[in-house]
Amino acid sequence: MSEETKSLNFIEHIIEEDLTNGLSKDKLRFRFPPEPNGYLHIGHTKAIGISFGLGEKYNAPVNLRFDDTNPAKEEQEYVDAIKRDIKWLGYEWANELYSSDYFITLYNWAVQLIKDGKAYVDSQSSEAMAQQKGTPTQPGVDGPYRNRSIDENLDLFERMKNGEFDEGEHILRAKIDMQHPNMLMRDPIMYRVLKKHHHRTGNDWCIYPMYDWTHGESDYIEQISHSLCSLEFKPHRALYDWFKEHVYEYASESLPMQPKQREFARLNLSYTIMSKRKLLKLVQDGVVSGWDDPRMPTISGLRRRGYTPNSIRHFIERVGVAKRENVIDVSLLEFCIREDLNKTAPRVMAVLDPVKLIITNYPEDKEEWLEAENNPEDSTAGSREIPFSREVYIERADFKEEASNKFFRLKLGSEVRLKNAYIIKGENVVKNAEGHITEIHCTYTTDTEKKVKGTLHWVSTKHAVKAEVREYDRLFIDEAPDSHQDKDFMEFVNPNSLKIIDAFVEPSLVNAKIGERFQFQRLGYFNVDDDATPEQLVFNKTVGLRDSWAKLKPKPQQQNKPQQPQQKRPAIEVIKQLGKKYTNVPEAKQEKSKAEILKLAEAVSYDDLQPLFNTAAKKVGTRIATMITLGVLLKNGQERNDDINAFISKALDDKNELLVAEAKAL
RNA sequence: UGGCCUAUGGUGUAACUGGCAACACAUUGGUUUUUGGUACCAAAGAGUCUAGGUUCGAUCCCUAGUGGGCCAACCA
């Protein structure tokens with residue numbers, strides 16, 4: 001197989017460069033470092049996909065490291081959920097590790113740093129420290145404890161560790177530079193006292209290391225080669241390196257690899273929020289049923305909704321990796337799940353909004369079991385039998401008493417196919433007192449060969465199985481609910497994001513098991529929800545099918561709008577465009593461009609052209625095109641004026657021969 | 001009154017580090033079809049934020065401007 005040379009993203013470029021500069025391939029090592037304080041969401045899958053994807057690409061180990069340095073927020077429940085979600089996505093970590101595993105090493109290094117005069121104990125209030133820290137635009141000032149003696153620092157720090165102080169009394173900070181333009185370098189905090197129970201270390205510790213001190217050193221201990229994180233950590237890099245370089249002095253023999261932190265832009269999805277804190281609020285306020293509510297952008301939510309690991313991995317691949325802020329349209333995610341399910345999901349029939357259809361010339365007591373293909377995309381999927389009888393349900397939207405011939409479905413007097421069954425013809429309707437259609441009467445023919453425009457799905461009323469179908473709409477009505485300074489994201493919650501439908505499904509579905517995915521033909525993809533029981537089927541609508549009919553429908557109302565004729569671009573614009581590349585293209589194309597410009601020039605007025613006389617000297621191509629166009633205008637009777645003469649004479653002095661030649665021609 | 005990052009069709013990402021701006025989604029036509037699905041074919045859509053500079057040649061390198069983002073938690 002010829003490996004297709006896929007273009008590399010900027011991180012892969014960095015790795016390739018390191019490799020060519022002598023980094024041995026077997027030294028490559030990555031990590032995914034979640035804090036166990038919430039559930040993983042679709043945004044995390046980007047980070048997961050990048051690090052684990054790199055691991056797969058280079059056959060390098062990827063550690064799963066729980067960044068568990070804040071016992072106030074972290075729980076075992078989240079650890080378990082995160083592991084389950086990553087496994088479900090199909091990734092394997094080399095080692096399951098915890099930052100808390102390194103508490104003792106970190107502590108010893110911190111003591112070394114104190115001994116080297118690189119860290120000190122500060123005993124002020126957090127307010128006082130914030131004061132001294134300055135602002136992004138104003139430098140900070142040194143605090144009163146900054147020059148404590150090493151011995152005092154050592155003593156205080158040990159007593160902090162021993163639990164002699166309350167929270168907030170003392171902290172340990174690195175001694176860097178209170179005037180540094182990067183605020184993170186203004187003597188950042190390394191340790192704080194926290195008398196909390198930790199989900200792994202219990203009550204062993206009452207001082208806990210901060211992120212910056214822990215994260216880079218954990219990377220270093222694990223000998224991670226490339227530490228990838230999102231853009232907001234860019235300012236942390238200076239500190240990451242500062243700590244790393246100092247610790248390297250203590251451990252370079254046993255730990256020779258110095259990790260590199262590199263940052264990429266995180267994923268944003270339209271109509272979605274990605275903040276753990278805000279997702280937690282949706283759960284706590286009961287807006288959704290839990291972290292795994294099918295409307296949630298969490299991995300567990302997507303899983304329950306019916307998304308496949310494959311579809312999510314493809315999505316992440318397509319999203320790409322770069323450094324600029326981005327908003328991905330949800331339609332890409334939907335495309336990815338349809339793409340996957342189209343190939344794999346068995347087709348079945350279900351009617352969500354039923355109306356009874358009676359085939360008057362079909363015997364009342366007759367029933368037939370007709371063969372139905374399970375998946376036209378998969379020849380190995382086989383077929384099943386579905387029952388047919390005189391009375392079936394069809395979708396209410398599939399019938400109109402009369403309609404234009406754009407309507408391919410059932411109407412009175414015309415024919416349509418019942419999928420996998422017969423061709424029927426609409427004869428008449430029965431309505432109740434309110435004029436609501438209660439029955440559609442039709443006749444059938446066994447000639448199934450003939451061509452008809454439409455095909456309907458159906459379920460035999462006698463054999464139909466009741467099922468609950470949950471149809472979801474986006475959770476937020478705003479494209480970026482997160483991004484309004486003046487409004488809370490909760491204001492944009494869509495009140496109608498869940499619709500519960502009593503539906504009829506074909507009997508083959510009675511034994512459908514939780515998690516199984518189907519295509520309800522002509523409707524969309526559905527999976528069996530966790531709430532389903534042997535007595536009550538429950539389906540989630542994962543995503544609808546693409547529906548080009550739905551797009552046609554709203555048209556009649558807007559028909560009156562004057563048809564905007566395909567606006568042709570003004571000739572002068574096209575000329576500018578041709579000109580821009582003029583000097584870069586091969587001669588043959590140049591001639592073609594010139595011919596085109598000559599033709600277009602006929603449609604150009606002097607007023608259009610005049611502004612181009614001021615084109616920057618550098619833009620020779622545009623000037624040539626302008627010159628050619630000017631030639632046409634002059635030929636057609638345009639009189640010479642000062643502007644024209646100045647433009648031509650300036651061109652005559654140019655270095656570019658083409659331009660000079662065109663100018664001479666005038 | 002600062003520092004850092006960033007700017008390419010509607011969206012996202014490319015362009016082998018300077019050589020006719022490509023791919024995917026979305027859009028619009030068409031063909032096939034017992035799913036108005038799928039598949040296939042085609043079209044349209046940017047000349048790369050602006051102004052300078054270097055160069056035979058700039059999306060790419062340099063400078064300045066402008067727009068967007070991040071940075072002042074004993075959070076990660």
Side-chain angles (χ1 to χ4, degrees), chain A residues 5-9 13 33-35 37 67 69-70 72-74 122 125-126 129-130 133-140 167-168 170-171 173 180-184 186 189 191-194 208 210-212 214-215 229 231-238 263 265 270 276 317-329 331-336 338-339 342-343 347 349 373 376-377 406-409 417-421 423 448 451-457 519-524 544-552 566 576-577 580-581 583-586 589 616 618 620 655-656:
Chain A
T5 47
K6 254 188 74 183
S7 59
L8 306 176
N9 64 45
H13 278 296
E35 182 189 11
N37 69 341
D67 224 338
T69 58
N70 185 2
K73 289 201 205 163
E74 294 150 8
D122 200 333
S125 68
S126 59
M129 282 169 48
K133 201 164 185 183
T135 70
T137 53
Q138 287 167 320
E167 293 185 13
H170 303 282
I171 49 112
R173 46 199 311 200
H180 202 285
N182 180 345
M183 293 206 60
L184 286 155
R186 321 238 257 233
I189 297 176
Y191 278 93
R192 76 285 211 192
V193 174
L194 231 42
Y208 288 93
M210 300 287 287
Y211 165 84
D212 286 296
T214 313
H215 191 93
C229 61
L231 236 37
E232 67 265 33
F233 290 100
K234 178 70 225 269
H236 292 250
R237 186 147 118 198
E263 311 81 12
S270 62
K276 275 190 207 173
E317 272 167 36
R318 275 181 250 246
V319 156
V321 181
K323 279 162 95 161
R324 70 170 153 156
E325 300 291 326
N326 59 79
V327 182
I328 312 291
D329 201 288
S331 66
L332 183 62
L333 221 206
E334 292 180 348
F335 167 81
C336 291
R338 285 195 193 106
E339 178 191 43
N342 174 51
K343 292 190 207 108
R347 272 58 183 192
M349 292 200 284
E373 198 179 12
E377 303 292 318
K406 280 271 186 89
F407 186 77
F408 298 165
R409 288 114 105 133
R417 182 188 304 278
L418 291 179
K419 176 88 183 166
N420 299 312
I423 287 174
T448 58
K451 289 237 172 196
V452 291
K453 201 79 176 178
T455 301
L456 307 187
H457 60 275
Q519 184 194 94
F520 289 1
Q521 283 181 113
R522 302 212 302 134
L523 296 175
L545 258 25
R546 271 188 78 220
D547 188 355
S548 44
W549 167 241
K551 284 177 202 153
L552 287 173
Q566 173 77 25
K576 261 161 83 178
Q577 174 184 333
K580 182 153 183 170
K581 287 286 174 188
T583 50
N584 301 352
V585 299
K589 189 156 179 182
K618 164 195 171 182
V620 180
K655 291 182 285 190
N656 186 290

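Please read these numbers as outputs of a predicted model, since none were measured by experiment. In the text below, chain A, chain B and the rest are named by the order of the sequence lines, each starting its count at 1. Values reported hereafter were calculated over all heavy atoms of this structure, with side chains retained and with hydrogens, waters and symmetry mates removed.
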Presence of [X] side-chain N/O under 4.0 Å of [N] phosphate oxygens OP1/OP2:
X	N	value
S548(A)	G37(B)	yes
R318(A)	A26(B)	no
R192(A)	C75(B)	yes
H13(A)	A14(B)	no

Return the nearest nucleotide to the side chain of [X]; candidates are [options].
X	options	value
S126(A)	C74(B), A76(B), U33(B)	C74(B)
E35(A)	C71(B), U35(B), A76(B)	A76(B)
T137(A)	C74(B), A72(B), U1(B)	U1(B)
T455(A)	A76(B), U35(B), C74(B)	U35(B)
K323(A)	U6(B), A76(B), U34(B)	U6(B)
M210(A)	G2(B), C70(B), C75(B)	C75(B)
T448(A)	U34(B), A76(B), G12(B)	U34(B)
L545(A)	G37(B), A26(B), U34(B)	G37(B)
K451(A)	U35(B), G69(B), U33(B)	U33(B)
M183(A)	A76(B), C25(B), A72(B)	A72(B)

Interatomic distance, R546(A) CZ vs C25(B) P [rounded to whole Å]: 10 Å
Sugar-phosphate, base or nothing in reach of [X], heavy atoms under 4.0 Å:
X	result
Q521(A)	base
R186(A)	nothing
K276(A)	nothing
L332(A)	sugar-phosphate
H215(A)	nothing
F335(A)	sugar-phosphate
N70(A)	sugar-phosphate
Y208(A)	nothing
E373(A)	nothing
T69(A)	sugar-phosphate
P376(A)	base
K419(A)	base
F520(A)	nothing
A130(A)	nothing

Please report the distance separating the [atom1] of [N] from the corresponding atom of [M], rounded so that it comes out in whole Å.
N	M	atom1	answer
U34(B)	C23(B)	P	32 Å
A44(B)	A26(B)	C1'	13 Å
C71(B)	U50(B)	C1'	27 Å

Heavy-atom side-chain proximity of F335(A) to R318(A) below 4.5 angstrom: yes
5'-most by nearest nucleotide on RNA chain B - L231(A) or E377(A): L231(A)
Ring-ring centroid check F233(A) H215(A), cutoff 6.0 Å: no
G36(B) pyrimidine/purine six-ring stacking with W549(A), under 5.5 Å and 30°: yes
